[in-house]
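Before any comments, here is the structure.
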Amino acid sequence: MAADMLLIMGCTASGKSSLAFSLAQRLGGEIISIDSMKVYRRMDIGTAKPSADRLAAVKHHLIDVVEPSESFSMGKFIELADKAIAELQQAQRPIIAAGGTPMYIRGLLEGIFDGPGADAEIRERIKMELDERGPEAMYQRLAEIDPEAARKIHLNDSRRIIRALEVYELTGKPISSFHTHFRSGNYRYPWQLIGLRWEKEIGNRRINARVKKMVQDGLVGEVESLLAEPEPLSEQAAVALGYAEIIEHLQGKISLEDAVERVKINSRRFAKGQRTWYRSFVGVNWIDLQESDTADSIADRLIAESRYFKGN
RNA sequence: AGGUGAGUAGCUCAAUUGGCAGAGCGUCGGUCUCCAAAACCGAAGGUUGCGAGUUCGAUUCCCGCCUCACCUG
């Protein structure tokens, strides 16, 4: 019988990581992080990475896999996650995937289209052309080569226009011809999907408390030392929540107080986006959390409900 | 106490010579297939501090009051 596969989703600061840790300990499993920012080394405090103790106690995959100066993508994530899953399945070990990057979750669940990955060089060139000639011209070009994609992409959405043109340049085929599955509800692995959710007011309070603690734990110092590294931060790492705002502060653009406030607001916005994504996932068992709940108590409860753990 | 300035959306502020009260941010909803903690789209939200006056019509002009900030004593 295949090993258990659990996937935990939830908004930022909902307690996913702690639950994953408790479950992994109890089940003797390993954790796969589904997080576009915890992949960066030395970005620990602001990404709410598990503590060194926890990382030592339970094997975590997809954490600290790239330098802050490197770029990362959903494609790389899926490649690495698939590899880790294959190894764990081979070893018959329970897999607990947990994380809050919704698009990565979707990609892990349903896969991405079988086409070309990101090409920074081409992307950069198209972007320059867009800046020069304006979005209308690029949108017009897209409409000619791929009317279907043009219908779905807004004129102002230059990010997706660029990506569509990039794929066309790389393959000679419209990006819409690659789009097949995604949001199909057909999952590539037999996951048990678990969602953690708080009443919104409580969730916001948890976010504020977490941000406050990050600052107390030395977020500013962490950002300072990242900026002092010889290699500059990659575009992605530099826009990470909690980092972008502190960078602005360190550049003298805003006060620390304002920066921290922005981190809170942006975290709330992020949580809102996560909620929107999660509504579209099929088959999630949502747990409505109470303030008396702890990661351990929920883990115990889940394990007691044997429906989640056929394999043990 | 006197002087000056300001009170307009949850917040910061716009609104030609009086002429349908707007923006940014936030909030809410949505999109999302190799940058996604990104990017983009949409919506709601106002007794213009209170009261009276002039006027066809007042956020705008006149009068009184309240609140806040700064200055002077």
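Chain A is the first sequence line, chain B the second, and so forth, proteins listed ahead of strands; every chain is numbered from 1. Quick caveat: nothing in here was measured; it's all calculated off a predicted structure.
Taking a cutoff of 4.0 Å between a charged side-chain nitrogen and a carboxylate oxygen, A:Arg160 and A:Glu166 do not qualify as a salt bridge. With respect to A:Asp300 and A:Arg26, a salt bridge is recorded, a charged nitrogen being found less than 4.0 Å from a carboxylate O. Checked for salt-bridge contact, A:Lys49 and A:Asp35 miss the test: no charged N lies under 4.0 Å from a carboxylate O. A salt bridge does not link A:Lys76 to A:Glu79: none of the charged side-chain nitrogens sits closer than 4.0 Å to a carboxylate oxygen.
Here A:Thr101 does not reach the OP1 or OP2 of B:A36: none of its side-chain N or O atoms lies under 4.0 Å away. At B:G29, one or more side-chain N or O atoms of A:Lys272 fall inside 4.0 Å of OP1 or OP2 (strictly under the cut-off). For A:Ser71 and B:C35, the shortest distance from a side-chain N or O to OP1 or OP2 is not below 4.0 Å. Put simply, A:Arg160 has a side-chain N or O that comes within less than 4.0 Å of OP1 or OP2 on B:U33. For the OP1/OP2 pair of B:A36 and a distance below 4.0 Å, the side-chain nitrogens and oxygens of A:Gln236 include at least one atom meeting the criterion. Within the 4.0 Å cut-off from OP1 or OP2 of B:A36, at least one side-chain nitrogen or oxygen of A:Tyr104 is found. Between A:Arg279 and B:G29 there is a side-chain N or O to OP1 or OP2 distance below 4.0 Å.
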Verdict with reasoning, A:Glu87 to A:Arg93, per salt bridge (charged side-chain N to carboxylate O under 4.0 Å, His left out): CA-CA 9 Å; A:Glu87 284 169 16; A:Arg93 299 201 66 185; over 6 Å; no
Test salt bridge (charged side-chain N to carboxylate O under 4.0 Å, His left out) applied to A:Arg188 and A:Glu110, step by step: CA-CA 6 Å; A:Arg188 299 153 68 228; A:Glu110 308 203 25; over 6 Å; no
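Stacking of A:His179 onto the six-membered ring of B:U33 is present: less than 5.5 angstrom between centres, less than 30° between planes.
Judged by closest nucleotide on RNA chain B, A:Gly273 is the one of A:Gly273 and A:Ala48 placed further toward the 5' end. Across the interface with RNA chain B, nearest-nucleotide mapping of A:Lys200 and A:Ala240 shows A:Lys200 to be the residue nearer the 5′ end.
Under the Watson-Crick or G-U wobble criterion, with both distances below 3.5 Å, B:G5 is paired with B:C68. If you check B:U59 for Watson-Crick or wobble pairing at under 3.5 angstrom, you find it has no partner at all.
As rounded to whole Å, 11 Å separates atom C1' of B:G10 from atom CD1 of A:Ile265. If you measure from atom OH of A:Tyr187 to atom P of B:U33, you get 17 Å, rounded to the nearest angstrom. Put simply, CZ on A:Arg163 is 9 Å from P on B:U33, counting in whole angstrom units. The distance between atom CD1 of A:Ile207 and atom P of B:U27, rounded to the nearest whole Å, is 10 Å. For A:Asp157 and B:G42, the CG to P distance is 12 Å, given to the nearest whole Å. Separating the CZ atom of A:Phe270 from the P atom of B:A38 is a distance of 7 Å, rounded to the nearest angstrom. To the nearest angstrom, C1' of B:C11 lies 14 Å from CD of A:Glu257. Counting to the nearest Å, the C1' atom of B:U33 and the CG atom of A:Leu108 are 14 Å from each other.
The listed nucleotides are B:C34, B:A37, B:C41; the one nearest the side chain of A:Phe113 is B:C34. For A:Arg262, the listed nucleotide lying nearest its side chain is B:C25; candidates were B:A38, B:C32, B:C25. If you check B:G30, B:A38, B:C34 against the side chain of A:Ser73, the one that comes closest is B:C34. Nearest to the side chain of A:Arg159, among B:G26, B:A38, B:C40, sits B:A38. Of the listed nucleotides (B:U27, B:A36, B:C34), B:C34 has the atom at the smallest distance from the side chain of A:Ile175. Looking at the side chain of A:Arg268, the nearest of the listed nucleotides B:G26, B:U33, B:G29 is B:G26.
Within residues 115-147 of chain A, the residues that have a heavy atom under 4.0 Å from RNA chain B are, in order of number, A:Gly115, A:Gly117, A:Ala118, A:Arg123.
Between A:Trp286 and A:Tyr278, the angle of the ring planes lies from 30° to 60°, which puts this pair in the tilted group.
Nucleotides B:U16 and B:A21, compared at atom C1', are 15 Å apart to the nearest Å.
In this model, no side-chain donor or acceptor of A:Asn156 finds a partner on the base of B:A39 within 3.5 Å. Between the side chain of A:Arg106 and the base of B:C32, no donor-acceptor pair under 3.5 Å is found.
Residue contacts for A:Gly46: at a heavy-atom cut-off of 4.0 Å it reaches a base atom on one of the strands shown.
The side-chain heavy atoms of A:Met103 and A:Trp277, taken from C-beta on, include a pair separated by under 4.5 Å. Residues A:Phe178 and A:Asp114 have side chains not in contact (no heavy-atom distance under 4.5 Å, counting atoms from C-beta outward).
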